[in-house]
There are 2 protein chains.
Amino acid sequence: MKSIEIDEELYQYIASQTQYIGESASSILRRLLAMESQGSTSEQTVTSAPVKAEASEAKLDKEAKAVKLVEADKGSVFDHINKEDLATQRGAVGRFLVILQALYRVHQNDFDVVCGIRGRDRLYFANNENALAESGSSTKPRQIPDSPYWVITNSNTTRKKMMLTEVSLALGYSEEQAEKIREFL
Amino acid sequence: MKSIEIDEELYQYIASQTQYIGESASSILRRLLAMESQGSTSEQTVTSAPVKAEASEAKLDKEAKAVKLVEADKGSVFDHINKEDLATQRGAVGRFLVILQALYRVHQNDFDVVCGIRGRDRLYFANNENALAESGSSTKPRQIPDSPYWVITNSNTTRKKMMLTEVSLALGYSEEQAEKIREFL
DNA sequence: GATTCGATCGGAGGGATAGTTA
DNA sequence: TCTAACTATCCCTCCGATCGAA
């Protein structure tokens, strides 16, 4: 183990990127710097279906905790949205996916709720490409990066913003926070 | 100033990213993490012509140092190529630009040599859009990110690879290294 | 004739808007 | 019927393989 000196602001930033209690500085930095995690081959296939929701007895607790998490982590999704990535996206579709990716990262366990968000006759989200493709014509499904979920992409920017707002609210964000998230697009 | 503990390999990696003697860990990390540098409004317009080369008395020393740098930093361009960025690029043009950006970052002072690389009748590189646009038809010039240089973009992937190889060699890389660089595309 | 180079044009992706449905 | 919400067609831009030119 080596020790390095960094300024306060940078320290706070790194700390804010923690993904689980007790995550080490090395782990956080490796993730942020997109280095391979030491040793592991790290070939994570994330194409499998999302983990089934807990048996309903645990359900209420789960939800309460989710809200708590959003409260405690206030603004954390905002840190998870890699501004760099966002900026390099050439179009709204790219930004849309980056934002959803960030939301997924922070809300992996509750992300299933997005599947309840849909249009009049087509689905908006699903955990497989086909469900979306079959629910309409030319829906242009795209996988949300590093996640098992897919989104429809054939819609105007206005609708994409609406979708983001709905997702945000479904995940427990306030109207104000949802507004901020939508504005990234 | 805060102090954090990181593992040896990560420490080495960060150290390898030093851009000038005595650069602080904070400075390096901020650059790698693409954070705004503290305080400064940092509105860097990089559209101006590249900084003039030093008065010739210092020139030889400068060049000697540049070569040394490539030697000492062997593989540093490779670290400068943000794998993450590369991966998120949807097409060869995007990757092409990311790679050139990395090369520019490491060889800012010698980058002018690329302007000598050209096709039969069109220019490949220049420090302004127009020179390229006028040297051929539909050359699709694009600015190399964070640099004052532009490249032609209307060519097949094979030619883009050739261009990368020529750039690498012109900047002093070995055939083997050039090969590696070209393979990023 | 062989090879290198250029840029046209087919193809894919993006997303505004015309059109449809409730 | 009129309007609001939603869909997906279709135009535009970007990409880059292919084929004609040098």
Side-chain angles (χ1 to χ4, degrees), chain A residues 85-101 114-126 129-145 150-167 169 182-185, chain B residues 85-101 114-126 129-145 150-167 169 182-185:
Chain A
D85 275 6
L86 252 194
T88 64
Q89 297 305 320
R90 317 271 265 96
V93 171
R95 288 191 298 275
F96 188 52
L97 293 174
V98 168
I99 296 166
L100 288 170
Q101 174 184 27
V114 303
C115 295
I117 300 169
R118 52 179 67 209
R120 185 178 54 215
D121 27 49
R122 44 180 194 177
L123 297 175
Y124 286 168
F125 297 87
E129 178 171 14
N130 258 229
L132 296 185
E134 287 164 6
S135 79
S137 120
S138 316
T139 52
K140 309 283 178 63
R142 296 279 294 272
Q143 187 164 22
I144 297 173
W150 294 69
V151 219
I152 255 174
T153 257
N154 180 234
S155 69
N156 56 31
T157 303
T158 313
R159 181 152 304 280
K160 289 191 192 85
K161 283 186 172 162
M162 290 169 61
M163 287 166 72
L164 284 181
T165 301
E166 289 203 63
V167 169
L169 295 177
R182 132 203 225 99
E183 288 307 330
F184 281 121
L185 217 172
Chain B
D85 275 6
L86 253 195
T88 64
Q89 298 304 321
R90 315 273 266 100
V93 171
R95 288 191 299 276
F96 188 52
L97 293 174
V98 169
I99 296 166
L100 288 169
Q101 174 184 27
V114 303
C115 295
I117 300 169
R118 53 178 68 206
R120 184 178 55 218
D121 27 48
R122 43 181 196 177
L123 297 175
Y124 286 169
F125 297 88
E129 178 171 15
N130 257 231
L132 296 184
E134 287 164 5
S135 78
S137 120
S138 315
T139 54
K140 306 285 174 66
R142 294 279 294 271
Q143 186 162 23
I144 297 174
W150 293 70
V151 219
I152 255 174
T153 259
N154 180 235
S155 70
N156 56 30
T157 304
T158 313
R159 181 153 304 283
K160 288 190 193 88
K161 282 185 172 162
M162 290 170 60
M163 289 166 72
L164 284 181
T165 301
E166 290 203 63
V167 169
L169 295 177
R182 135 205 223 95
E183 288 308 329
F184 281 122
L185 217 171

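The sequence lines fix the lettering, A, B, ..., with proteins before strands; numbering per chain opens at 1.
- Counting any heavy atom pair closer than 4.0 Å across all strands shown, R122(A) reaches a base atom.
- The side chain of R120(B) lies closest to dC5(C) when the candidates are dC5(C), dC6(D), dC14(D).
- Side-chain atoms of V93(B) and K140(B), non-hydrogen and from C-beta on, never get closer than 4.5 Å to each other.
- Considering only side-chain N and O atoms, T157(A) lies under 4.0 angstrom from the phosphate OP1 or OP2 of dA16(C).
- Within 4.0 Å (heavy atoms only), R159(B) reaches at least one base atom of the nucleic acid.
- In this structure the side chain of F125(A) reaches within 4.5 angstrom of the side chain of L100(A), judged on heavy atoms.
- A straight line from CG of N156(A) to P of dT9(D) spans 15 Å, rounded to a whole angstrom.
- Under the 3.5 Å distance criterion, the side-chain polar atoms of K160(B) are matched with a main-chain donor or acceptor of S155(B).
- Taking atom CD of Q89(B) as the reference point, atom P of dG13(C) lies 16 Å away to the nearest angstrom.
- Close to dT7(D), at under 4.0 Å from its OP1 or OP2, lies no side-chain N or O of T139(A).
- The interatomic distance linking R118(A) (CZ) with dC6(D) (P) rounds to 13 Å, in whole Å.
- Between S155(B) and dC5(C), a side-chain N or O to OP1/OP2 separation shorter than 4.0 Å is absent.
- When the C1' atom of dT7(D) is taken as reference, atom CE of M163(A) falls 13 Å away, rounded to whole Å.
- Counting heavy atoms from C-beta on, the side chains of F96(A) and M163(A) come closer than 4.5 Å.
- Contact check for N156(A) versus R159(A): side-chain heavy atoms found under the 4.5 Å cut-off.
- Following rounding to the nearest Å, K140(A) (NZ) and dA12(C) (P) show an atom-to-atom distance of 11 Å.
- Atom CG in N154(A) sits roughly 15 Å away from atom P in dT17(C) (whole-Å rounding).
- Residue contacts shown for R142(A) are limited to sugar-phosphate atoms, with no base heavy atom under 4.0 Å away.
- Among the protein residues, Y124(B) comes within range of the sugar-phosphate backbone only, with heavy atoms under 4.0 Å from sugar or phosphate atoms but none that close to a base.
- When the nearest nucleotides of DNA chain D are assigned to D121(B) and S135(A) by heavy-atom distance, the more 5′-ward of the two goes with S135(A).
- Protein atom CE of M162(B) is 14 Å distant from nucleotide atom P of dA17(D), rounded to whole Å.
- A straight line from CD1 of I152(A) to C1' of dA8(D) spans 10 Å, rounded to a whole angstrom.
- In this structure, R90(A) reaches the dC15(D) phosphate: one of its side-chain N or O atoms is under 4.0 Å from OP1 or OP2.
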